[in-house]
Amino acid sequence: MRVLVTGGAGYIGSHTVLQLLRERHEVLVYDNFSNSAPESLRRVKQLANADVALREGDIRDGAALGASFAEFQPEIVVHFAGLKAVGESTEKPLDYYSQNVSGSLELLRLMTQHGCKRIVFSSSATVYGDAHYLPIDESHVLQPTNPYGRTKHFIEEIIRDWSASVPGSCAVLLRYFNPVGADASGRIGEDPMGIPNNLFPYIAQVAVGRRPHLNIFGADYDTRDGTGERDYIHVEDLARAHFAAITYAAKSHGCEAINIGTGKSATVLEMVKAFEAASGRKIPYQIVDRRAGDVARMVADAGKAEALLGWKARLTIADMAATTWNWQINNPDGY
Ligand code: NAD
Ligand code: UD1
């Protein structure tokens with residue numbers, strides 16, 4: 001299929017584009033490079049030995065994005081573009097509403113105008129807010145606790161309404177849990193700007209000597225070892241989930257929200273141990289206060305993804321640690 005990928009130069013986008021090229025889809029990436037560089041796609045092309053069309057622009061720029069629709073005539077859109085830092089979203093909520101919500105509105109408007117009826121959207125487990133029960137399934141109440149999470153929730157609702165108004169349309173809302181890891185080649189991976197907010201890129205930078213130690217945010221949670229427990233999902237499995245979602249959307253109608261996780265969880269200390277085993281290096285850490293807004297445990301019920309998409313995570317915590325380390329050691333300063 002002809003797949004227009006917004007934000008395709010970013011972390012999850014680049015791994016997904018690689019997967020789509022390997023599955024012989026035709027891809028146009030539309031990205032403003034606000035949090036990525038064209039280098040990721042140059043490497044993706046090398047790895048896949050296939051070409052990707054690339055257009056630079058903001059998703060809110062209707063003229064530029066419309067030109068890409070007119071030129072490429074996509075059959076489906078995979079929509080990654082947007083801002084994603086929880087802390088920043090509390091400081092700059094209007095930026096988040098503009099880029100995420102207004103950007104998605106512009107995208108849907110152009111899809112309607114150009115007769116494109118299928119979309120796969122990057123949502124997040126953050127839409128659930130504090131878990132009322134675990135594992136979380138898709139019918140759990142949606143009560144996000146920060147502006148970033150609310151943009152994801154609002155976009156989900158907007159896409160649902162859009163889909164109901166467009167006969168024959170199909171929308172898949174993928175709610176990712178905690179994506180980590182890198183392509184096995186070590187050529188593409190997560191390259192955060194500044195100090196990483198998330199655990200795994202932070203550990204990787206400690207291992208490679210860019211930061212002195214990890215701060216563990218709380219060891220007094222009600223978990224196996226007191227540290228936070230999460231459902232980490234390998235980015236390669238996540239990329240395969242997008243391929244499965246596209247295949248599903250090609251032959252289905254309606255709007256479905258689907259968790260993308262493993263159904264298993266690991267604590268911060270277990271992730272540190274996995275990284276030490278993969279890298280052969282000691283990860284110094286300090287226990288500090290809990291981070292505001294953090295919860296003790298988050299685990300997906302991943303049953304719907306298997307039932308509807310025929311998709312299931314395959315890779316382990318050891319794979320996540322090994323591929324992250326391979327990426328970090330080969331690219332100590334990122335791209
Ligand atoms: P990323 O920042 O690496 O990728 C996002 C890409 O979108 C970047 O290439 C960026 O340059 C581009 N972009 C941002 N705003 C844009 C705009 N207005 N117009 C055009 N391009 C724009 O992030 P990622 O980790 O690959 O995440 C991709 C998507 O998945 C995001 O929507 C994010 O909210 C969602 N998500 C990510 C995670 C995670 O942990 N990484 C978890 C859940 C959901
Ligand atoms: C964060 C986001 C969430 C987003 C998800 C995607 C917050 C509050 N939530 O989730 O919206 O969907 O990323 O990946 O930012 N930790 C440390 N030290 C660190 C970093 C993290 O101990 O330096 C701990 C955290 O307390 C948590 C675990 O590691 O227990 C995972 O943290 P992180 O990678 O930031 O992910 P989440 O907080 O689960």
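First listed ligand is number 1; within each ligand, the first listed atom is number 1.
- For atom 25 (O) of ligand 1, the closest heavy atom belonging to the protein is Lys84 NZ, 2.7 Å.
- Applying the 4.0 Å criterion to heavy atoms of Ser34 picks out, from ligand 1, the atoms 10 (C), 11 (O), 13 (N), 14 (C), 15 (N).
- Per-residue contacts place Ser122 under 4.0 angstrom from the following atoms of ligand 1 (heavy atoms of the residue considered): 29 (C), 30 (O), 32 (O), 35 (C).
- Between Asn215, Asn198, Thr126, Ile216, it is Asn215 that holds the heavy atom closest to atom 18 (N) of ligand 2.
- Of the candidates Gln205, Arg291, Met271, it is Arg291 that places a heavy atom closest to atom 38 (O) of ligand 2.
- Atom 9 (N) of ligand 2 has its closest protein heavy atom at Val86 CG2, 3.6 Å.
- Considering only non-hydrogen protein atoms, atom 18 (N) of ligand 1 sits nearest to Gln99 OE1, 2.9 Å.
- Ligand 1 has no nitrogen or oxygen under 3.5 angstrom from a nitrogen or oxygen of Ser124.
- For atom 19 (C) of ligand 2, the nearest non-hydrogen atom from the set Tyr148, Phe217, Tyr232 belongs to Phe217.
- Inclusion of Ala9 in the set of residues having an N or O under 3.5 Å from an N or O of ligand 1 is not warranted.
- Geometrically, ligand 1 and Gly10 share a nitrogen or oxygen pair separated by less than 3.5 Å.
- Checked by distance only, ligand 1 and Phe80 come closer than 3.5 Å through their nitrogen or oxygen atoms.
- Heavy atoms of Tyr285 stay at 4.0 angstrom or farther from ligand 2.
- Of the protein's non-hydrogen atoms, Asn32 OD1, 3.0 Å is the one closest to atom 22 (C) of ligand 1.
- Among Phe200, Tyr176, Tyr96, the residue whose heavy atom lies closest to atom 43 (C) of ligand 1 is Tyr176.
- For atom 1 (P) of ligand 1, the nearest protein heavy atom (residue, atom name, distance) is Asn35 ND2, 3.8 Å.
- Remark: ligand 1 atoms within the under-4.0 Å shell around heavy atoms of Pro179 are 38 (C), 39 (C), 40 (O), 42 (C).
- If you number the atoms of ligand 1 from 1 as listed, the ones under 4.0 Å from a heavy atom of Gly57 come out as 19 (N), 20 (C).
- For ligand 1, none of its N or O atoms has an N or O atom of Ser123 under 3.5 Å away.
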